[in-house]
Asker: 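Here you go, one structure.
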Amino acid sequence: MNPKRIIIVGGGISGLTVAYRLSELSRNEELPLEIIVLEASSRLGGVIDSQRRDGFLLEGGPDSFISEKRAALNLSKRLGIEDEIIQTCESHRQSFVVRDGRLVPVPKGFYLIAPMRLANFFGSRLLSWAGKLRMAAEAFVPARRNASDESVASFVRRRFGREALERIGQPMVSGIYSADPERLSIQATFPKFQEMEQQYGSILGAFRARGKRDHAAGKASGPRYSLFLSFRNGMRTLVEALIRRMPDVTFRCHACVREVRLEGTPARITMESGEALDADVVCLALSAPQAAALTRPIAENLSDLLNQIPYESVATVNVAFSARDVPDQHLGFGFVVPKIENRAIVGCTFSSVKFGGRAPRGFVLLRVFVGGALHRNVIELDDQTLTQTVLSDLKSLLRFCAKPYSVSIRRFPRSMPQYQVGHLARVAAIEKELMRYPNLFLTGNAYRGIGIPDCIEQAEKTAEKMFAACHPEAANQNDAEAIRRIRHYEEAYQARTK
């Protein structure tokens, strides 16, 4: 049997996972595939960027993943790198929110935007007494019976009040999504809160009901810092393991795609160099704007829909200090900064406290986040000015004045998709339009989740659809677990080809 050729455009975690899952299915089912990954930059891995420098482990992009969503953990097990996984350090498991220029601990039992235990919350300095009483009154706020989408800001303000939004909701949301909560979709980002409101009538009522249930079952409730996992040598461990376990896949860096043509069989990929490659199936594991540019000549409606997903630019600044220069009264995993505080930084992770092995003995490593929807002016600063701005905020908030041992800046232009109100409807329209092109597939963080486990889960599902498209006869195999999973997607593929 002549192998089907699959071309994956984009060598980030999504593109690599698609390639690995296809390679896995091809080996397991003994059905040949020729898999090529094209990456425009000089390196694979996308925003995952771990570097060792002077004894420090610098994470330019994501520094961890959550085990509650199993996709990343399951992939790590299949790759044989489970022994490399580490948990957060057991000491100093707390985080902070800035209020009036000072770091205030997040009360125990606080979950993203809501307190799970009012007793702990009332003793906190995060909100004024008026703000606390308004938040506690959430239990008496009528549920919104309209199940349509709304902004995160509207949801938090409606249920918990304006101060809760400004002092807690906004910084928490910006720290995760680099987004403006006035535009961010509650359905696409925090659907559980909307479900709680619909099912229990209030968020506090839902926490009480679930708390009783979990207590009866002997389960822990509230935020569990042990859910955050990383690798002993950084997140790039995952990228390197994927590459190492795919000797049958061709990887090409500095391979910039100029054009994708889908008319006829096979499809054709044209490179900036003029080289042309034919493919039976094409996957664009790119940002929405990049995918929109490539699909414009062949699928104008699809391209227009992809361009409706906006993006923001962010940067991380790794700053190392001598441990003796940094006071330890605020040791924890990090802090976020409300916009109302008028600071330049969005938040900061105490990297050498959060995970072991991030800094040599006698040093402290901080990782500062800047940019996003509410701090666009900061991301535009040159490196020298950005460094000075970050150091000024750190010294003011952490109450110390010392020269840093080193500073490293990593910029990610237009890297954070903004799941604005109506995002899921836009994604559904994209998927519907995509059905017109049975040899074209899309995956990435633009659609149904920005975290690493989300990207891995979506990429694996996409790979299974692609495998079914290349080998529909595999759906007749009854004894393989992988093929049983494919059957679900075979129906969708057949619907696209009618």
Side-chain angles (χ1 to χ4, degrees), residues 1-40 44 75 78-79 239 241-271 273-286 294 298 434 437-443 456 458-494 496-497:
M1 183 184 299
N2 293 327
K4 300 281 188 175
R5 174 182 280 185
I6 294 178
I7 292 182
I8 302 162
V9 184
I13 186 62
S14 294
L16 292 176
T17 302
V18 170
Y20 180 73
R21 184 64 183 136
L22 286 168
S23 175
E24 204 173 37
L25 290 169
S26 178
R27 291 194 304 272
N28 291 345
E29 304 310 317
E30 299 181 354
L31 294 171
L33 292 174
E34 181 187 0
I35 306 168
I36 302 173
V37 177
L38 304 178
E39 168 57 42
L44 299 167
L75 177 60
R78 300 202 320 265
L79 291 170
V239 173
L242 281 166
I243 298 169
R244 187 169 59 249
R245 291 291 299 272
M246 291 188 282
D248 53 332
V249 175
T250 299
F251 299 101
R252 293 180 57 176
C253 291
H254 300 289
C256 188
V257 175
R258 183 178 69 200
E259 185 179 61
V260 176
R261 289 289 179 185
L262 302 175
E263 299 93 340
T265 303
R268 173 154 290 193
I269 303 286
T270 304
M271 317 294 289
S273 63
E275 179 186 4
L277 297 172
D278 290 339
D280 295 283
V281 173
V282 176
C283 177
L284 302 182
L286 303 168
L294 287 179
I298 55 172
L434 191 62
Y437 309 94
N439 55 347
L440 177 65
F441 294 83
L442 301 174
T443 195
I456 290 172
Q458 293 174 72
E460 291 189 333
K461 290 179 178 179
T462 300
E464 289 162 2
K465 296 176 189 178
M466 295 167 68
F467 188 77
C470 289
H471 292 295
E473 71 278 6
N476 296 322
Q477 305 271 343
N478 294 321
D479 56 345
E481 177 62 26
I483 299 306
R484 282 197 292 270
R485 292 183 62 191
I486 290 173
R487 285 179 182 160
H488 174 72
Y489 303 107
E490 175 66 11
E491 295 179 5
Y493 170 73
Q494 301 219 353
R496 290 168 62 182
T497 56

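We number each residue from 1, following the sequence as shown. Just the heavy atoms: all of them, side chains too, but no hydrogens, waters or symmetry mates, feed the values below.
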Asker: Drop me the distance from D280's CG to I6's CD1, to the nearest 0.5 angstrom.
Answerer: 8.0 Å

Asker: Taking the side chain as C-beta and beyond, is there a heavy-atom pair between L242 and L75 under 4.5 Å?
Answerer: yes

Asker: For residues V249 and S23, report the shortest heavy-atom separation together with the two atoms involved.
Answerer: CG2-CB, 4.3 Å

Asker: Is a side-chain donor or acceptor of R245 paired with a backbone partner of L79 at a separation under 3.5 angstrom?
Answerer: yes

Asker: Is there a side chain to side chain contact (heavy atoms under 4.5 Å, CB included) between L25 and E464? Walk through the geometry before answering.
Answerer: CA-CA 8 Å; L25 290 169; E464 289 162 2; 4.0 Å; yes

Asker: Could you walk me through whether L33 and M466 pass the side chain to side chain contact (heavy atoms under 4.5 Å, CB included) check?
Answerer: CA-CA 11 Å; L33 292 174; M466 295 167 68; over 6 Å; no

Asker: For the residue pair E259 and I269, establish whether any side-chain heavy-atom pair is separated by less than 4.5 Å.
Answerer: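 Result no, sub-4.5 Å side-chain heavy-atom pair not found.
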
Asker: Measure from the side-chain N and O atoms of T17 to the backbone N and O of I13, and report whether any donor-acceptor pair falls under 3.5 Å.
Answerer: yes

Asker: Search all heavy atoms of F441 against all heavy atoms of A469 and return the closest pair with its distance.
Answerer: CZ-CB, 4.1 Å

Asker: In chain order, what residues pass the side-chain contact (heavy atoms from CB on, under 4.5 Å) check against Q458, with sequence neighbours excluded?
Answerer: T443, Y447, R448, D454

Asker: Where is the tightest heavy-atom contact between P266 and A279, given as atom of each residue plus distance?
Answerer: CB-O, 3.2 Å

Asker: To the nearest 0.5 Å, tell me how far C283 SG sits from L38 CG.
Answerer: 11.0 Å

Asker: CD1/I456 to CG/L16 distance, rounded to the nearest 0.5 angstrom?
Answerer: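 Going from the CD1 atom of I456 to the CG atom of L16 covers 10.0 Å.
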
Asker: Just how far is it from atom SG of C470 to atom NZ of K465, taken to the nearest 0.5 Å?
Answerer: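 One gets 14.5 Å once the value is rounded to the nearest 0.5 Å.
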
Asker: Do R5 and I36 have side chains that get closer than 4.5 Å, going by heavy atoms?
Answerer: yes

Asker: Determine the minimum heavy-atom distance between A267 and L262, stating which atoms define it.
Answerer: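 For A267 versus L262, the nearest heavy atoms are CB-CD2, 3.9 Å.
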
Asker: State, yes or no, whether a side-chain contact exists between V37 and M246 at a heavy-atom distance under 4.5 Å.
Answerer: no

Asker: Tell me which one of V281, I7, I8 satisfies side-chain contact (heavy atoms from CB on, under 4.5 Å) with I35.
Answerer: I8

Asker: Could you report the tightest heavy-atom contact between G10 and L286, atom names first, then the distance?
Answerer: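 Closest pair (atom of G10, atom of L286, distance): CA-CD2, 3.9 Å.
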
Asker: Please test E24 against R21 for salt bridge (charged side-chain N to carboxylate O under 4.0 Å, His left out), starting from the C-alpha separation and ending with a verdict.
Answerer: CA-CA 5 Å; E24 204 173 37; R21 184 64 183 136; 2.7 Å; yes

Asker: Where do S14 and A459 come nearest, in terms of heavy atoms and distance?
Answerer: O-CB, 3.4 Å

Asker: I'd like to check R261 versus T270 (side-chain heavy atoms, cut-off strictly below 4.5 Å). Are they in contact?
Answerer: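 They are not in side-chain contact.
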
Asker: Please check if the number of heavy atoms outside E263 that lie under 6.0 Å from its CD is greater than 12.
Answerer: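 Result for CD/E263: enclosed.
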
Asker: Determine, stepwise, if the pair M271 / V257 fulfils side chain to side chain contact (heavy atoms under 4.5 Å, CB included).
Answerer: CA-CA 4 Å; M271 317 294 289; V257 175; 4.2 Å; yes

Asker: Decide side chain to side chain contact (heavy atoms under 4.5 Å, CB included) for E29 and H471; before the verdict, give the C-alpha distance in whole Å, the side-chain angles of both, and the deciding distance to 0.1 Å.
Answerer: CA-CA 10 Å; E29 304 310 317; H471 292 295; over 6 Å; no

Asker: Please round to the nearest 0.5 Å and tell me the distance separating atom CG of L44 and atom CD1 of I243.
Answerer: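 It comes to 4.5 Å.
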
Asker: To the nearest 0.5 Å, what is the distance between CZ (R268) and CD1 (I298)?
Answerer: 14.0 Å

